Every structure is written in structure tokens, then in C-alpha cells.
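This is a predicted model, so every value here is computed, not measured.
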There are 2 protein chains.
Amino acid sequence: MSIQDPARIEQPPKRRRRSPEELRREALVSARRLLIESGPNAITLKGVGDDIGVTHANLIHHFGSAAGLQSALMESMVRDLADALDAAVAQLRSDTGAPRALVDAVFDAFDQGGAGRLAAWIALSGDLQHLEPVRAAVHDLVDAIVEKFAAEGEQTHGRVTSAVLFIALCAFGDAVIGPPLRDMLDREPDSGRKIVARLLPSFLF
Amino acid sequence: MSIQDPARIEQPPKRRRRSPEELRREALVSARRLLIESGPNAITLKGVGDDIGVTHANLIHHFGSAAGLQSALMESMVRDLADALDAAVAQLRSDTGAPRALVDAVFDAFDQGGAGRLAAWIALSGDLQHLEPVRAAVHDLVDAIVEKFAAEGEQTHGRVTSAVLFIALCAFGDAVIGPPLRDMLDREPDSGRKIVARLLPSFLF
DNA sequence: GACGATATCTACATAGATGTAAGTTACACC
DNA sequence: GGTGTAACTTACATCTATGTAGATATCGTC
């Protein structure tokens, strides 16, 4: 196949012109992958640009600055975490939500979407204001658990916030250092979830 | 006060010549403080050098490279974490170790010693081999709890490793994202410790 | 007090990340 | 099909972190 193959009528355009929304979406997907696979330091303009096939200057054009890209990534991932928590709330309110299902929903939110690593990055870098959208989702989760599970009593709200704090701490910890820790203790991959699911009823009933 | 004040008999030496051990110790103390206060990206040769009053070239002379400094910091902090866990073990084996005392010991190791932020940094950067010295300390902790607390039974070892996994996950999570999470839920600062201390007996008895 | 080992510094070189300015091109719209 | 907007690129400038080479100063030791 020669370089100037006459069969190739239409050359692909040298440049691909994306809509601003599409480029932002592609860049954030790439940046999230880099964060999860290679850590926060891998999120650079050149790294993301090479990954999606644009120059670093173009990323600055769309995000304003490198910090703008990082902020957009934090916002995007935090929104996904909040959505995942909201989905857990919806599931809890609709059908037969067992404690283990709730635990799985929260653990998945921190683990699969990379929210655990994101939260660790935010905490280490000190940009705590980016966690703010999670607050409403957490409150919704508290309310949903109160409706669904909690026994009546004076301490109900306190017990449920304890339960949410407990689940969130464990889900976050499990997402970030669960694998090496389970390896040290020779435990199976879902042992964290099992433990939390087993302890949860002591808060709720 | 003139520059050449005759009253100032002995000028302080322009350079302070430290022993290699002393410089390494000072550098690692500074690097740990920078990690805890400003995050992993603050640990630079210039940052640490300015902090302790030496040039970055001198730090390279003593640590070999920037990566050498970071590795030394990880080793130092992991050793401190292992020592703290060993201290908790010793306390557990000697006197009246209540569950809350054990919880406080582990939580303090992760929180005050900076081990939580260290572990998050290691996990995000992928240098998991640096956590290896923790393995022995964790095993010691399991053994000590088995001796001290655990009721007799077939499942004893499994229950205790569950307890250790549980404490470690919560202590790590509490050290890294405990403050913002407690703020969202309007809980007091030691609520994480309270919860863990209250749940611990269900593993041990 | 002289000397030697080496801790320490200065000066320079390099690489990567970020940012700016100006030119180029794709694509919607008329 | 022409035209304008703006997505996109190239080229350049800057800043920071890291690393190297050689000069210099400090301190223990004789």
C-alpha cells in the first residue's frame, strides 16, 4: 500500500475540530484515567493533550489554565460521586435495599469511579472546597436511611449520621489502601464490605 | 549597629557543618512537616533545603537524588508507624488496655504521625513496596489482640484480622478525610474513634 | 598551627510544565 | 461557493525542579 494510494479519495482532515463540550469531555475522561492509573502528578497539559490528540496550548484555550483543568476534573468527579450516592439513595427508597446493597453502592461509588483517589488527592492538596457538592448528597443519604431503616427513637438522627460517617470512612479507606492492607492480612477482596455490612445493623436497629 | 561591630568578637561561621546523620534527620523532619502541612508536591529539594538552611545540591549530596530523599522519608515514616503499632501492642500486652486505648493508639499513629497522609501519598504514587515494613507490625498487632482480647473459638484469627482491617481502614480514612466529612455531618472531632471503639468488641468477644 | 577529608556552596546545564502571541484551518452559515 | 468565527497549531518565553562540576570552608586530628 503506497503512501499516495489513489484509492484513498478523501484524506482525513489534518485537524479535527471538536465542539468545546466534546473536547472538555474527552479531556476530563483522559485526566480521570491518568489520575487513577498514574497518580495526580500525571495530570499535566502535555499528558492529557497527547492522550486525546491535541496540543497543550489548546487545553489552555479551553480550560484557561492547568489549574482550571484540575478544578474541572475535581468538579466532574465530585459530581459523579454525588450522583452515585444519590443513586444509592434512590435505590434505598424504592425497593428492597438490604444493608449489603447500600454498602456495595457506597463502596462502588468510591472505588469504581476513582472517587476514593480523587478525595485523597483533594485532601492532600488542600482544595477542600471542591468537596462541597458532596455535602448535599450525604445529607440526602442520611435522610433516606432514616426513612428506610432506622428504628424510632430519640437518638435516630445521631445514630444514622454515625452510620454514614462509618460507611464513608471505610469506603474511602478501602478504595485507597484496601488492596495492600488486605494483602497484608490475607483477606479476600470484599472483606471490607462484609465487615461494614455486618456492623451496620448495630447503628440502625 | 554597624556591620563591623567590634563588640561582636566571634562571628558565627558562615557555614554550619553537620554530621551526615544530623542533616538527614533534620531534612526528614522538615520533609514530613511539609508533607503534612502542604502535601506531597511541597517536598522538593529547594523547599526542604530552604527550611533547614542548606542548598538543594547539599541534599543531593546526602540523599543521592530527589527520589532518594522521598524514599528515605517514606522509610522513616513507615518505621514510625510500625513503631507506633508496636507500642500499641506492648501496651495491649502489659496493662489494662481498653478497646478505646487501642483505638486511640492506632488513630494517633495515622493522624498525628502523618501516617495517613503518607499512606495516601504512597497509594496514589504507586510505590506500594514502601509499605512492606508495616506488614510485620500488623501481624504483631493481630497476635497481641488474639492474646489479650479474643474469646476462644475456631474463628478467632479471622475475627481478629477483621478487627485490625477495620481499625486500620477507619484510622486511615479518618486521618485523611475525617475533618471535612465530620464537618458535613456536624459531628464532633473524636466521633470516628468513638464509633470504632464501640464496634470493636463485637469482633473480639 | 598545619593538614586532610568532606560537608557545603556557587555556577551552570537540562528537562518538563506552564503560559503567550500570532498564524492557520475547519466548519457553520449565508 | 464565499466568509467569518474560533478551534487549533506553531514558536517562543518563563519558571521550577533536578542534577553536575568544581571551588571553598569547616572541623577533627596530628
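- With rounding to whole Å, Glu21(B) atom CD is found 13 Å from dT6(C) atom C1'.
- Between the side chain of Arg17(B) and the base of dT6(C), at least one donor-acceptor pair of N or O atoms lies under 3.5 Å.
- Within residues 61-75 of chain A, the residues having any heavy atom closer than 4.0 Å to DNA chain C are, in order of number, Ser65(A), Ala66(A).
- Shown are Arg117(A), Arg182(A), Arg187(A); of these, the salt bridge (charged side-chain N to carboxylate O under 4.0 Å, His left out) with Asp174(A) is made only by Arg182(A).
- dT26(D) atom P lies 16 Å from atom CG of Leu23(B), rounded to whole Å.
- The shortest side-chain heavy-atom distance between Ile145(B) and Val89(B) does not fall under the 4.5 Å cut-off.
- No side-chain heavy atom of Val48(B) sits under 4.5 Å from any side-chain heavy atom of Val54(B).
- In terms of polar N and O atoms assigned as donor or acceptor, the side chain of Arg15(A) comes within less than 3.5 Å of the base of dT24(C) in a complementary pairing.
- The stretch residues 27-56 of chain A touches DNA chain D through Gly53(A), Val54(A), Thr55(A), each having a heavy atom within less than 4.0 Å of the strand.
- Per the geometry, CG belonging to Asn58(A) stands 15 Å off P belonging to dG19(C), to the nearest Å.
- Nucleotide dA7(D) holds its P atom 14 Å from the CD atom of Glu26(A), rounded to whole Å.
- Checked for salt-bridge contact, Arg193(A) and Asp108(A) meet the test: a charged N lies under 4.0 Å from a carboxylate O.
- Note that CD of Glu26(A) is 9.5 Å distant from CG of Asp51(A), once rounded to the nearest 0.5 Å.
- Ion pairing of Arg24(B) with Glu75(B) is absent here, as no side-chain N (NZ or NE/NH1/NH2) approaches a carboxylate O to less than 4.0 Å.
- Atom pair Glu22(A):CD and dA26(C):C1' shows a separation of 14 Å (rounding to whole Å applied).
- Classified by interplanar angle (parallel below 30°, tilted 30° to 60°, perpendicular above 60°), the ring pair Phe172(A)/Phe172(B) is parallel.
- Of the inter-residue distances, the one linking Asp104(A) atom CG with Asp190(A) atom CG reads 8.0 Å to the nearest 0.5 angstrom.
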